[in-house]
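Just so you know, residue 1 is the first one in the sequence shown, and it goes up from there. Since this is a predicted model, take the numbers as computed values, not measurements.
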Amino acid sequence: MDISITVNGEAERHDVEPRTLLVQYLREACRLTGTKVGCDTSSCGACTVLLDGESVKSCTMLAVQADGRAVTTIEGLAPDDGLHPVQAAFQANHALQCGFCTAGMVMATVSLLDEIAEPTERDVRLGLEGNLCRCTGYHNIVEAVLAAADARHA
């Protein structure tokens, strides 16, 4: 099937098999490897991207379902001259270790903060429950999300 998806603001058009997952499309056809394949079962959230501004797990969606829509990956989040405020908050609060889950966590955070401008710690923990990290214990991740929310209002 011939599909057209706007990826990180750029028009992408590719012929794909109908069974191609969105995560495969992004990594293989678009050559954007920031979106990770973690569990292949939608449990870990490492594949989280924004679809028309809302977070989705790209391992649970077919690329053809995104035809005509806009996808933002971690590569398209930051401005050319620096980091997105959520990325900066993750860096400043040491909210990563190995980094494998980080792109998915950041993308889920962007979506969460678009939905809840001033989240509580509980909001953050509930909002990110579909994203798993095996390294950090989540404390610094939660702190980073709260710091990013505060930075948006500063």
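In the hydrophobic clustering (ILVMFWY side chains linked at under 4.5 Å, chained through shared members), Phe100 stands by itself.
Checked against Met107 for a side-chain contact (heavy atoms from CB on, under 4.5 Å), the options Thr72, Asn131, Leu112 give a single hit: Thr72.
A distance of 7.0 Å separates OG1 of Thr102 from CZ of Phe90, quoted to the nearest 0.5 Å. Atoms CE and OH, on Met105 and Tyr138 in that order, are 5.0 Å from each other to the nearest 0.5 Å. Rounding to the nearest 0.5 angstrom, the gap separating the CG atom in Leu21 from the SG atom in Cys47 is 9.0 Å. Atom-to-atom distance recorded for Leu51:CG and Ser58:OG is 10.0 Å, nearest 0.5 angstrom. Note that the CG atom of Asn93 and the CG atom of Asn140 stand 7.0 Å from one another [nearest 0.5 Å]. Summarising the geometry, atom SG belonging to Cys98 is positioned 9.5 Å from atom CZ belonging to Arg134; distances are rounded to the nearest 0.5 Å.
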Between Leu26 and Leu22, does a side chain to side chain contact (heavy atoms under 4.5 Å, CB included) hold up when you go through it step by step? CA-CA 6 Å; Leu26 294 169; Leu22 181 57; 4.1 Å; yes
Does the pair Leu128 and Val145 meet the rule for a side chain to side chain contact (heavy atoms under 4.5 Å, CB included), with working shown? CA-CA 10 Å; Leu128 295 181; Val145 175; 3.8 Å; yes
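In the model, Ser111 has no side-chain atom that pairs as donor or acceptor with a side-chain atom of Asp114 under 3.5 Å.
Side chain of Lys36 to backbone of Ala46: no donor-acceptor contact under 3.5 angstrom is found. Side chain of Asp67 to main chain of Ser4: a donor-acceptor pair is present (N/O by atom type, distance under 3.5 Å, no hydrogens or angles). Side chain of Glu12 to main chain of Cys30: no donor-acceptor pair is present (N/O by atom type, distance under 3.5 Å, no hydrogens or angles). At distances below 3.5 Å, not a single donor-acceptor pair connects side-chain atoms of Thr6 with backbone N or O atoms of Ala11. Proximity of a side-chain donor or acceptor of Asn8 to a complementary backbone N or O of Thr73 within less than 3.5 Å is detected. Looking only at distances, no side-chain donor or acceptor of Glu28 sits under 3.5 Å from a matching main-chain atom of Tyr25. The backbone N or O of Val16 lies less than 3.5 Å from no partner atom in the side chain of His14, so there is not a single donor-acceptor pair.
Between Leu32 and Arg27, every side-chain heavy-atom pair lies at or beyond the 4.5 Å cut-off. When side chains are defined from C-beta on, Leu126 does not count as touching Asp123, because their heavy atoms never get closer than 4.5 Å. At a threshold of 4.5 Å between non-hydrogen side-chain atoms, the residues Thr109 and Leu113 count as touching. A heavy-atom distance below 4.5 Å is not found between the side chains of Thr48 and Val56.
Across His84 and Pro79, no two heavy atoms sit closer than the pair N-CD, 4.0 Å. Of all heavy-atom pairs spanning Ala144 and Ala95, the tightest one is CB-CB, 3.7 Å. Looking at every heavy atom in both residues, Cys44 comes nearest to Cys39 through N-SG, 3.4 Å. Pairing each heavy atom of Thr60 with each of Ser42, the nearest pair is CG2-CB, 2.9 Å.
A salt bridge links Arg125 with Glu121: at least one charged nitrogen is closer than 4.0 Å to a carboxylate oxygen.
Hydrophobic clustering keeps Met61 apart from Leu50 (ILVMFWY residues linked when any side-chain heavy atoms are closer than 4.5 Å, directly or through intermediates). Taking hydrophobic clusters as Ile, Leu, Val, Met, Phe, Trp and Tyr residues chained together by side-chain heavy-atom distances below 4.5 Å, Leu132 shares a cluster with Val142. Both Val64 and Val7 are assigned to one and the same hydrophobic cluster, defined by single-linkage of ILVMFWY side chains at heavy-atom distances under 4.5 Å. Clustering ILVMFWY residues whenever any of their side-chain heavy atoms sit less than 4.5 angstrom apart, transitively, puts Val71 in a cluster other than the one holding Val110. The hydrophobic clustering, which links ILVMFWY residues whose side-chain heavy atoms are closer than 4.5 Å, places Val49 and Val37 together.
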